[in-house]
Every structure is written in structure tokens, then in C-alpha cells.
Amino acid sequence: MACIIVTGTPGTGKTDIAKEVAKKLKLKYIDANDVIKKEELRGKYDEKRDTYEVDENKLAKAMVKLIKKEKNIVIDSHMSHFIPKKYVDLCIVTKCKIPELRKRMGKRGYTPLKIKENIDAELFDVCFNEAYEFGHDLLVIDTTNKKAKDIVKKLF
Ligand SMILES: Nc1ncnc2c1ncn2[C@@H]1O[C@H](COP(=O)(O)OP(=O)(O)O)[C@@H](O)[C@H]1O
Ligand SMILES: [Mg+2]
């Protein structure tokens, strides 16, 4: 059984890296958003923050079910690090330098408040720190420039 999770602030390149790792190691790529929709884990819509509330414990439970079923997977989600350590072999944290991250989020049409919140989360390394506290084995990949995918090709 192999499970790699990819966490990080939105826009830091999780999806890019997770797909590359899945391709390289021949693991199944799982987008947590699909699971959230399928299992109806979406909570209330927070208009001010332009985001849906998702219970991280419920999501972690659904993910554990999936890990047991699929066996060899890469999970892409900024909440994937809430999956208990015993089910996870490696937690990749994607990071991106702030000016580039701001540009990426602008392109996505995020609201100014959503951009500010996510920039703060990146500055404070929220995903990294939570993943660290959860006891995961961590690998940090900086995706600010295009070489990030080459690192995956070389390392995995
Ligand atoms: N290494 C990189 N170099 C340049 N652009 C990147 C890189 N990784 C991701 N991007 C771009 O940044 C944006 C966000 O990447 P994405 O993988 O969707 O992030 P996330 O899944 O964390 O929200 C996308 O437009 C993607 O093409
Ligand atoms: Mg993504």
C-alpha cells in the first residue's frame, strides 16, 4: 500500500505536483474536491470568504476509506494533511514565493479577501506547520519556477 498526500496553500502547485508524482510512480491521482462533492461533505457557503466550509475530520475519514479501497494513491488537497499519519507514507508540501502566488491567485479571479487570507496562510506556513504537528514525514517543493516538475522527475 502506498499513499502520498500533497498539501499546501491554494495556488502553490499541488495539482501539478500531485499529477506528476502519480504519473511517475504509477499511483492513482485523487482530487479531494471530487470526494467532497461525491460524499456531499460541502458545508455552508461562506460568501465573504468565497469558499465552502468543509469538516476536515469528515474529509479525513472519507479519505481513509478511499486509501483502504484504492491502496496506491496520491491525494491532492490543502486539507490532506489531516489524514492520520499511519495511512500516509509521505506528505509533500508545495510552496510558492509570494509575488508569484499573488499573480496566480489573481489569474484565478479570487476576491481580494481570499487572496489576502491565502497569502497570510502561505506566509505563516499554515499547511506545513499543521502537517508537521500531525507527525507527517515532509518533503517541501518550491514551485515558484517551472523546474519544480523536473525535481519530481529526478527524485521519484
Ligand atoms: N512549477 C510551476 N511553474 C509555473 N507555474 C506553475 C508551477 N506549478 C503550478 N503552476 C501554475 O500555478 C497555478 C496553480 O497551480 P495548481 O497546481 O493548480 O495549484 P493548487 O492545486 O495548489 O491550487 C496553475 O495555473 C499552474 O499552472
Ligand atoms: Mg489544485
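Whatever order the structure lists ligands and atoms in, that order sets their numbers, starting from 1.
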- Query: Do Lys154 and Asp150 meet the salt-bridge criterion of a basic N to acidic O distance under 4.0 Å?
  - Reply: no
- Looking at side-chain heavy atoms only, is the closest gap between Ile4 and Leu25 below 4.5 Å? yes
- Should Glu100 and Arg104 count as an ion pair when the cut-off is N to O under 4.0 Å? yes
- For Ala62 against Leu41, the heavy-atom pair lying closest together: CB-CD1, 4.1 Å
- Message: If I apply the N/O under 3.5 Å rule, does Pro10 come out as touching ligand 1?
- Response: no
- Is there a protein heavy atom less than 4.0 Å away from atom 19 (O) of ligand 1? yes
- Item | Residue and atom name of the nearest protein heavy atom (relative to atom 2 (C) of ligand 1), distance in Å to one decimal | Thr143 O, 3.1 Å
- Message: Give me the residue, atom name and distance of the protein heavy atom closest to atom 15 (O) of ligand 1.
- Response: Gly13 CA, 3.6 Å
- Query: Given that the side chain starts at C-beta and the backbone is N, CA, C, O, which of these parts of Ile17 lies under 4.0 Å from ligand 1, counting heavy atoms, or is it both or neither?
  - Reply: neither
- Query: Is any side-chain heavy atom of Val74 less than 4.5 Å from a side-chain heavy atom of Ile30?
  - Reply: no
- Task: Applying side-chain hydrogen bond (donor to acceptor under 3.5 Å, both in side chains), run through Thr15 and Asp76 and close with a yes or a no.
- Result: CA-CA 6 Å; Thr15 301; Asp76 170 5; 2.7 Å; yes
- Would you check whether Asp76 has a nitrogen or oxygen atom less than 3.5 angstrom from a nitrogen or oxygen atom of ligand 1? no
- Message: Can you classify the ring geometry of Tyr45 versus Tyr52 as parallel (below 30°), tilted (30 to 60°) or perpendicular (above 60°)?
- Response: tilted
- Message: Below 4.0 Å from ligand 1: does a non-hydrogen atom of Thr94 turn up there or not?
- Response: no
- Note on the structure: Near the Mg ion (ligand 2), meaning under 2.8 Å, the protein N/O/S atoms are Thr15 OG1
- Task: With heavy atoms of Ala148 as the reference, note each atom of ligand 1 found under 4.0 Å away.
- Result: 1 (N)
- Message: Give me the nearest non-hydrogen protein atom to atom 21 (O) of ligand 1 as residue plus atom name, then the distance to 0.1 Å.
- Response: Thr15 OG1, 2.7 Å
- Item | Closest to atom 10 (N) of ligand 1 (judged by heavy-atom distance), picking from Lys147, Arg104, Met105 | Arg104
- Query: Purely on distance, is any nitrogen or oxygen of Arg108 under 3.5 Å from one on ligand 1?
  - Reply: yes
- Message: According to a hydrophobic-cluster definition based on side-chain heavy atoms being under 4.5 Å apart (Ile, Leu, Val, Met, Phe, Trp, Tyr only), do Ile98 and Phe124 belong together?
- Response: no
- Message: Tell me whether Asn145 has any N or O atom under 3.5 angstrom from an N or O of ligand 1.
- Response: yes
- Item | Derivation of the side-chain contact (heavy atoms from CB on, under 4.5 Å) call for Thr7 and Ser77 | CA-CA 5 Å; Thr7 187; Ser77 168; over 6 Å; no
- Query: Is the count of non-hydrogen atoms from other residues, nucleotides or ligands lying under 6.0 Å from Lys61 atom NZ greater than 12?
  - Reply: no
- Mind checking whether Gly11 has a heavy atom under 4.0 Å from ligand 1? yes
- Row check, Tyr29 ring normal vs Lys19 NZ/CZ: under 6.0 Å, within 45°: yes
- Item | Flag: protein heavy atom within less than 4.0 Å of atom 24 (C) of ligand 1 | no
- Message: Please evaluate residues Lys147 and Asp142 with respect to the criterion salt bridge (charged side-chain N to carboxylate O under 4.0 Å, His left out), reporting the C-alpha separation (whole Å), side-chain torsions for both, the decisive distance (0.1 Å), and the verdict.
- Response: CA-CA 9 Å; Lys147 284 195 199 118; Asp142 179 4; over 6 Å; no
- Query: Any idea which atoms of ligand 1 are less than 4.0 Å away from a heavy-atom of Lys146?
  - Reply: 1 (N), 3 (N), 4 (C)
- Task: State, with a plain yes or no, whether a side-chain heavy atom of Val6 is found less than 4.5 Å away from one of Thr94.
- Result: yes
- Determine whether the side chain, the backbone, both or neither of Lys103 has a heavy atom under 4.0 Å from any heavy atom of ligand 1. neither
- Message: Tell me the nearest of Thr144, Asp16, Thr7 to atom 26 (C) of ligand 1, using heavy-atom distances.
- Response: Asp16
Show the atom names and distances, to 0.1 Å, of all donor-acceptor pairs under 3.5 Å that link a side chain in residues 105-114 to residues at least two apart or in another chain.
| from | atom 1 | to | atom 2 | distance (Å) |
| --- | --- | --- | --- | --- |
| Arg108 | NH1 | Tyr110 | OH | 3.1 |
| Thr111 | OG1 | Lys114 | N | 3.1 |
| Lys114 | NZ | Asp50 | O | 2.9 |

